[in-house]
Amino acid sequence: MTVSYSLEVANARFAGFSRLLFRWKGSIYRLLYKELLVFCSVYLFFSLFYFLLTRRQQDLFERIALYCDQFTNTNYIPVLFVLFYVTLAFNRWWGQYTSFPLPDNLMMVVSGNVHGTDEKGRLLRRTLMRYANLSSVLILRSISTRVHKRFPTLDHIVEAFMTLEELKKFESLHSDFNKYWMPLTWFSNLASRAREEGRVRDDIALRLLMDELNNYRAKCSLLFHYDWISIPLVYTQVVTIAVYSFFGFCVIGRQFLNPEKGYKDHRLDLYVPVFTLLQFFFYTGWLKVGELIINPFGEDDDDFETNQLIDRNFQVSMLAVDDMYQNLAPMVKDKHWMKRHFSIPYTLSTAAESLRPAFKGSTYDM
C-alpha cells in the first residue's frame, strides 16, 4: 500500500520532517536493516578476530587494514555516482506514474458525444469504456505482479471485463507480440459504427473520440516500453559494485587499531564506527532507494496501487457514461443572480483571508 504522509507535512512547523523519522512502514529502516545487520556482523567479526590474533598476526592485519583504508576515500571508488543513478531512477519512476492510463478524459468525451437514452445507446457507451479499461488491465497484467496475481489467466479477466465471444476473438488472432491493443481497436471500430448510426452526430465528435483514444493508447504503449527497456544493466551493475566494494574495504580499513602503536588517525579506539555506519546508511540507503523506485509495479510499500486504480477507473468510467448520462439537475438561478457585486462566504476559521488584498502582479504598484 502506498505510504502517504501529505497531511502531516501540509504546514511547515518545528521538527516537521523529524516526526516522519519514527515511521516504520515505507521507511528507509525497513528497506535497509538487513544489509545494515550484515555489515555490522561482518565488521564485528573482523574486530573480534583482530584481538584474538598473536602480536605478529596483528601487525599483518594492521598493514592490511591501513592498505584498505586508502580505498575508503571516495576519490578512489566513485561511490557518489549512486546519487546520479537515483536521480535517473526517480525521473523514470515519475515518468511511469504520469504514463498510467486514466480513463477520465476519454469517459467525458464518450459521455458527451455518444448519444442515446435507449438500451442500445447505454450498451454502446458502456462497451466503449469497458474496452478501454480492458486494454489497461491487459497491459498492467503484463508488467505488474499485483495485477498478474489478481488476473493470472484470461479466464479471470473474463469474470470481470470480457465476454466469451470477445475472448474467442482475442485468442483467434495470432500474434507473436502482446495484444493489449486489441480492445482499443474494437473501440475505434465501434465508434465508427456509432457514427454511421448517428449515435455520434458529426465527424468532429468522432475525431475527438479518436484523439482521446490515441492518447489513452499511447500511455498504455509507454508503460509497456518502460517495462521492456530498463535502465542499462551495466549502469546498475557499476553503481552496485561501487557501493558494495567501497564498504567491503571499509569492513577492514575502518577497523580501530591499537592506539598504542601510534598509527595515523588511530589514536582512539571507539569500538563502534559511528561515522562509517552513517556512511553505510547514506550510500547504501541511496542504492536501496534506487532499487525501490526503478520498478514501481511490484509489491513494495511504495509501489503503485495498480489493483486499486483498476477498480477506481472501471467504476468511475461506468458511472460517467451510464448513471450520469443526461442525468442533470434542473437549471435554476444561482444564489447571486440579482447581485452585481458579491463575495463567496468564508467560515470563521478562514475569515482573515478575506481581508488580504488581491495579488495584481509584482510590479503593479511600482
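Numbers here simply count residues along the sequence, with the first being 1. None of the values given here were measured: they were computed from a predicted structure.
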Neighbour count >12 (heavy atoms, 6.0 Å) for atom CD1, Ile204:
no
Would you call the rings of Trp94 and Tyr97 parallel, tilted or perpendicular, where under 30° means parallel and over 60° means perpendicular?
tilted
Between the main-chain N or O of Leu184 and the side-chain N or O of Arg217, is there a donor-acceptor pair closer than 3.5 Å?
no
Is there a donor-acceptor contact under 3.5 Å from the side chain of Ser99 to the main chain of Gly95?
yes
Residue that, paired with Tyr131, satisfies ring pair (Phe, Tyr, Trp, His ring centres under 6.0 Å) out of Phe314, Tyr216, Trp186, Phe187:
Trp186
Tell me if the centroids of the rings in Tyr29 and Phe22 come within less than 6.0 Å of each other.
no
Show me the pairs that pass salt bridge (charged side-chain N to carboxylate O under 4.0 Å, His left out) and involve residues 233-242, at least two apart or across chains.
none
Could you verify whether a donor N or O on one side chain and an acceptor N or O on the other, from Asn133 and Ser317, lie under 3.5 Å apart?
yes
Anything under 30° is parallel, anything over 60° is perpendicular, the rest tilted; go ahead and classify Tyr283 against Phe247.
tilted
Using 30° and 60° as the class limits, which term best fits the ring planes of Trp228 and His225: parallel, tilted or perpendicular?
tilted
Are any side-chain N or O atoms of Ser172 and backbone N or O atoms of Lys169, one a donor and one an acceptor, separated by less than 3.5 Å?
yes
Here's a test for you: under side chain to side chain donor-acceptor pair (under 3.5 Å), which of Gln58, Gln57, Arg56 qualifies with Thr54?
Gln57
Quick one: are Leu36 and Thr284 in side-chain contact, heavy atoms under 4.5 Å?
no
Within the 4.5 Å heavy-atom criterion, are Pro103 and Arg312 side-chain neighbours or not?
yes
Ring pair (Phe, Tyr, Trp, His ring centres under 6.0 Å) partners of Phe46, counting only residues at least two apart:
none
With a 3.5 Å cut-off and sequence neighbours excluded, list the donor-acceptor pairs that the side chains of residues 336-349 form with protein atoms.
from	atom 1	to	atom 2	distance (Å)
Thr347	OG1	Ser349	OG	3.2
Thr347	OG1	Thr350	OG1	3.1

Verify, without hydrogens or angle tests, whether Glu35 (side chain) and Phe281 (backbone) share a donor-acceptor contact under 3.5 angstrom.
no
Check step by step if side chain to side chain contact (heavy atoms under 4.5 Å, CB included) holds for Arg199 and Lys120.
CA-CA 10 Å; Arg199 302 277 181 176; Lys120 178 69 179 295; 3.3 Å; yes
Please determine whether the number of non-hydrogen atoms from other residues, nucleotides or ligands lying under 6.0 Å from atom CD of Gln315 exceeds 12.
no
Report yes if the side chains of Cys40 and Phe280 come closer than 4.5 Å at any heavy-atom pair, otherwise no.
no
Side chains of Thr117 and Tyr325, heavy atoms from C-beta outward: is any pair under 4.5 Å?
yes
Can you sort out the partners of Phe61 under ring pair (Phe, Tyr, Trp, His ring centres under 6.0 Å), two or more places apart, ordered by chain and number?
Tyr50
Taking atom CZ of Arg30 as the centre, report whether more than 12 heavy atoms of other residues, nucleotides or ligands fall under 6.0 Å from it.
yes
Does Arg146 reach the main-chain N or O of Gly298 with its side chain, forming a donor-acceptor pair under 3.5 Å?
yes
For residues Tyr85 and Thr236, is any side-chain donor paired with an opposing acceptor at under 3.5 Å?
yes
Residues which pass ring pair (Phe, Tyr, Trp, His ring centres under 6.0 Å) with His156, listed by chain and number, not counting sequence neighbours
none
With clusters built from Ile, Leu, Val, Met, Phe, Trp and Tyr whose side-chain heavy atoms come within less than 4.5 Å, directly or transitively, what are the remaining members of the cluster of Tyr226, listed by chain and number?
Leu222
